[in-house]
S.K.: 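I'd like to ask you about the structure that follows.
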Amino acid sequence: MKNSFVQSMAWLHTWAGLVVGWLLFAIFVGGTLACFDKELDDWMRPALHGVQAPERPAFDAALALSRERAPEAHAWYVTAGNDRERAMESYVYFDDGSHTRQALDPLSGAPVPDTAGGDFFFTLHYNLHAGTVGMYIVGLAGMLMLVALVAGVLIHKRIFKDFFTFRPKSGGQRAWLDGHNVTGVLGLPFHLMIAYTGVAIFVANYMFAGVNAAYDGDILKFYEEAGDLYERPEVGEPLARLHSVDALVEDAQRRLGAPVTWASVHHPDDASATISFGGDHSRAVAWNLRQVFYDATDGRFLHQTGAPGGGYASYSYLGGMHMAQFGGAALRWLYFLMGVAGCVMIASGMQVWVNKRARRVAAAGVLSGYGLVRGLNVGVVAGMPLACVSMLLANRLLPADLGDRAAAEIAVFCAVWVLAAVWGTWRDRLGRGWRDLFAATAAALLAVPLVNAVATPDSQLLATLGRGEYALAAVDLGALAFAIGYAALAWRQTRSQPSGLAARPQRSEREQAASAAVETG
């Protein structure tokens with residue numbers, strides 16, 4: 001019975017991870033980079049480098065632009081610039097759920113060349129840029145990740161000993177398996193927390209029976225009541241005039257007891273319009289959901305949210321743990337490093353599966369299911385990082401006046417990923433796929449600070465260090481550090497024996513025993 005249970009858990013661990021492994025890798029890469037989404041946004045807007053955001057935010061100019069462009073929108077929403085991202089960001093939400101986004105100069109409120117930026121990776125992380133359908137797919141992947149993690153703990157008898165066992169020089173299956181074990185044990189508490197809280201954030205969407213029963217499926221009404229928000233029904237009459245939003249900032253900050261970081265106008269074309277203000281999430285683990293509301297016509301104070309109930313407070317705490325907006329740069333770096341460990345864990349786990357079946361892969365050929373898995377490993381794991389770096393390079397090389405630069409950057413990301421996947425899969429027949437893509441990624445990373453210096457001299461590494469803009473400098477320095485790492489991986493692949501589909505490697509009994517913990521037959 002014991003062996004049967006362990007074998008069942010091994011099967012569950014392998015297949016729960018393999019079925020969504022490539023998807024989880026993309027989700028983890030997006031989430032890891034999203035730890036510094038605002039810093040990436042800032043780096044990718046060189047037109048604002050050297051500009052300092054004002055201490056007191058000014059929203060009127062941004063809202064005037066929203067009114068000019070979308071007077072009949074459902075809501076206008078503007079975030080103030082800060083020390084992580086100096087641009088103001090103007091969002092316009094429409095009744096059908098769609099929205100637009102525009103970056104603005106924090107001093108003048110004028111539009112600046114936009115970018116897909118860190119927001120691209122943030123959205124990739126939680127819905128794959130596929131809206132509600134993508135959110136459900138990510139939720140399913142998160143649940144399967146939880147299953148794989150728990151099953152992985154149950155089948156590893158030497159879980160803590162494995163943490164101190166890493167033999168990269170052994171090469172082949174042993175190195176991949178050691179890498180999987182070390183990164184899995186190292187980040188186990190973090191990965192369990194991230195998987196669970198990631199699913200919990202959308203619990204009302206995934207488990208909607210309660211919302212359907214109590215709110216007739218109106219999830220917005222549910223959140224409005226749970227968060228003690230304020231909403232007035234539309235009266236069907238035009239708004240006579242919009243009160244100055246800037247004139248209300250001081251009163252809003254006094255009532256909130258914290259700096260205002262965003263302002264919003266709901267139903268801006270209706271006499272029922274309201275102005276609301278809120279702060280950021282950096283002061284506590286739980287999301288800061290406190291808001292104040294004013295009449296949009298005369299600026300009269302209407303409502304201030306109270307303390308959330310126990311259930312909603314727990315929900316906001318779980319959301320805050322996942323989003324890591326508290327704790328400053330040190331915590332974001334910790335999340336980033338644990339995210340990298342998660343990427344390695346997922347990638348090495350999938351490669352362990354392929355290497356254990358190397359003889360079957362060689363016999364079945366590239367057009368088999370085994371060959372497909374091997375090709376997807378190379379294309380996703382080695383191709384996606386190259387696509388991410390290419391997006392940074394595109395940001396500097398695309399013309400500043402190009403229409404919809406954000407979409408152009410995303411197009412470059414997608415095109416490079418597809419090309420890298422095709423090239424890597426084709427070259428992997430000779431055991432050269434990993435080497436080629438690792439080397440290309442190293443070269444692209446090395447090019448980031450060089451292209452940055454040539455294309456935007458005021459944003460190059462020495463200039464940003466001289467101005468004390470260390471977050472901008474960290475992007476260039478991080479690219480150099482990862483360039484060294486990927487170059488080392490490429491060099492190691494060059495020295496190792498080709499392991500393409502044409503090869504028929506023989507494994508020793510000791511190597512077979514080492515991987516027995518995850519053998520599924």
Side-chain angles (χ1 to χ4, degrees), residues 27 30-31 34 70 72-79 91-101 119 122-143 146 194-235 262-270 272-281 286-293 302-323 325:
I27 292 169
E72 298 181 355
H74 177 78
W76 304 328
Y77 180 86
V78 180
T79 62
Y91 296 84
V92 176
Y93 293 91
F94 299 95
D95 290 332
D96 62 0
S98 63
H99 74 276
T100 63
R101 174 189 182 218
D119 187 68
F122 175 74
T123 306
L124 176 70
H125 173 67
Y126 80 86
N127 73 3
L128 306 174
H129 292 274
T132 302
V133 174
M135 180 189 67
Y136 279 105
I137 293 174
V138 171
L140 176 62
M143 294 176 194
L146 277 172
I194 282 294
Y196 178 76
T197 56
V199 173
I201 288 174
F202 296 105
V203 63
N205 300 86
Y206 300 144
M207 303 175 66
F208 43 77
V211 175
N212 285 341
Y215 297 92
D216 195 25
D218 189 346
I219 195 169
L220 294 179
K221 186 177 180 182
F222 162 70
Y223 281 116
E224 178 184 332
E225 183 174 316
D228 190 27
L229 305 179
Y230 185 83
E231 187 79 15
R232 298 196 297 195
E234 295 187 69
V235 298
W262 61 263
S264 179
V265 180
H266 274 248
H267 307 304
D269 64 335
D270 192 87
S272 65
T274 59
I275 299 170
S276 57
F277 298 93
D280 63 20
H281 305 302
W287 281 334
N288 175 18
L289 302 172
R290 298 180 61 201
Q291 298 181 36
V292 288
F293 299 82
L302 296 175
H303 179 72
Q304 180 168 352
T305 55
Y312 203 55
S314 300
Y315 167 78
S316 63
Y317 186 90
L318 292 174
M321 284 289 292
H322 188 89
M323 301 285 283
Q325 298 301 298

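In what follows, every heavy atom counts, from backbone to side chain, and hydrogens, waters and symmetry copies are set aside. Remember, predicted model here, so these are calculated numbers, not experimental data.
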S.K.: How would you list, by chain and number, every residue that makes a side chain to side chain contact (heavy atoms under 4.5 Å, CB included) with Tyr126, sequence neighbours excluded?
M.R.: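 Tyr126 satisfies side chain to side chain contact (heavy atoms under 4.5 Å, CB included) with Phe122, Thr123, Phe202 only.
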S.K.: Identify, with sequence neighbours excluded, every residue that meets side chain to side chain donor-acceptor pair (under 3.5 Å) alongside Gln291.
M.R.: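 Gln291: no side chain to side chain donor-acceptor pair (under 3.5 Å) contacts found.
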S.K.: When you look at Leu318 and Ile201, which way does the side-chain contact (heavy atoms from CB on, under 4.5 Å) test go after all the steps?
M.R.: CA-CA 7 Å; Leu318 292 174; Ile201 288 174; over 6 Å; no
S.K.: If the condition is side chain to side chain contact (heavy atoms under 4.5 Å, CB included), which residues does Thr274 pass it with, not counting sequence neighbours?
M.R.: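 Thr274: side chain to side chain contact (heavy atoms under 4.5 Å, CB included) contacts with Tyr230, Arg232, His266, Leu302.
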S.K.: Once side chain to side chain contact (heavy atoms under 4.5 Å, CB included) is applied, do any residues pair with Thr100, and if so which ones, sequence neighbours excluded?
M.R.: Val92, Phe94
S.K.: Would you sort out whether Leu146 and Met143 count as a side-chain contact (heavy atoms from CB on, under 4.5 Å), showing the intermediate values?
M.R.: CA-CA 5 Å; Leu146 277 172; Met143 294 176 194; 5.6 Å; no
S.K.: For Asp119, which residues count as a salt bridge (Lys or Arg N to Asp or Glu O under 4.0 Å) partner, sequence neighbours excluded?
M.R.: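 So Asp119 forms a salt bridge (Lys or Arg N to Asp or Glu O under 4.0 Å) with Arg101.
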S.K.: Check side chain to side chain contact (heavy atoms under 4.5 Å, CB included) between Leu124 and all other residues, then give those that pass, not counting sequence neighbours.
M.R.: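 Partners of Leu124 by the side chain to side chain contact (heavy atoms under 4.5 Å, CB included) criterion, ordered by chain and then number, come out as Leu128, His129, Met384.
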S.K.: Who pairs with Glu231 by side chain to side chain donor-acceptor pair (under 3.5 Å), at least two apart in sequence or on another chain?
M.R.: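 His267.
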S.K.: Just jot down the side chain to side chain donor-acceptor pair (under 3.5 Å) partners of Asn288, sequence neighbours excluded, or say none.
M.R.: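 In terms of side chain to side chain donor-acceptor pair (under 3.5 Å), with neighbours along the sequence ignored, Asn288 is linked to no residue.
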S.K.: Drop me the distance from His281's NE2 to Leu289's CG, to the nearest 0.5 angstrom.
M.R.: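 Here the interatomic distance stands at 7.0 Å.
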S.K.: Mind checking what makes ring-ring contact (aromatic ring centres under 6.0 Å, His included) contact with Phe277, not counting sequence neighbours?
M.R.: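 For Phe277, the residues satisfying ring-ring contact (aromatic ring centres under 6.0 Å, His included) (neighbours in sequence not counted) are Tyr294.
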S.K.: Using the test side chain to side chain donor-acceptor pair (under 3.5 Å), find all partners of Thr197 that sit at least two apart in sequence or belong to another chain.
M.R.: His322
S.K.: Scan for side chain to side chain donor-acceptor pair (under 3.5 Å) pairs involving residues 202-220, sequence neighbours excluded, and state none if there are none.
M.R.: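 Residue pairs passing side chain to side chain donor-acceptor pair (under 3.5 Å), neighbours aside: Tyr215-Glu225.
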S.K.: Counting only heavy atoms not in Phe222 (residues, nucleotides, ligands), do more than 12 fall under 6.0 Å from its CZ?
M.R.: yes
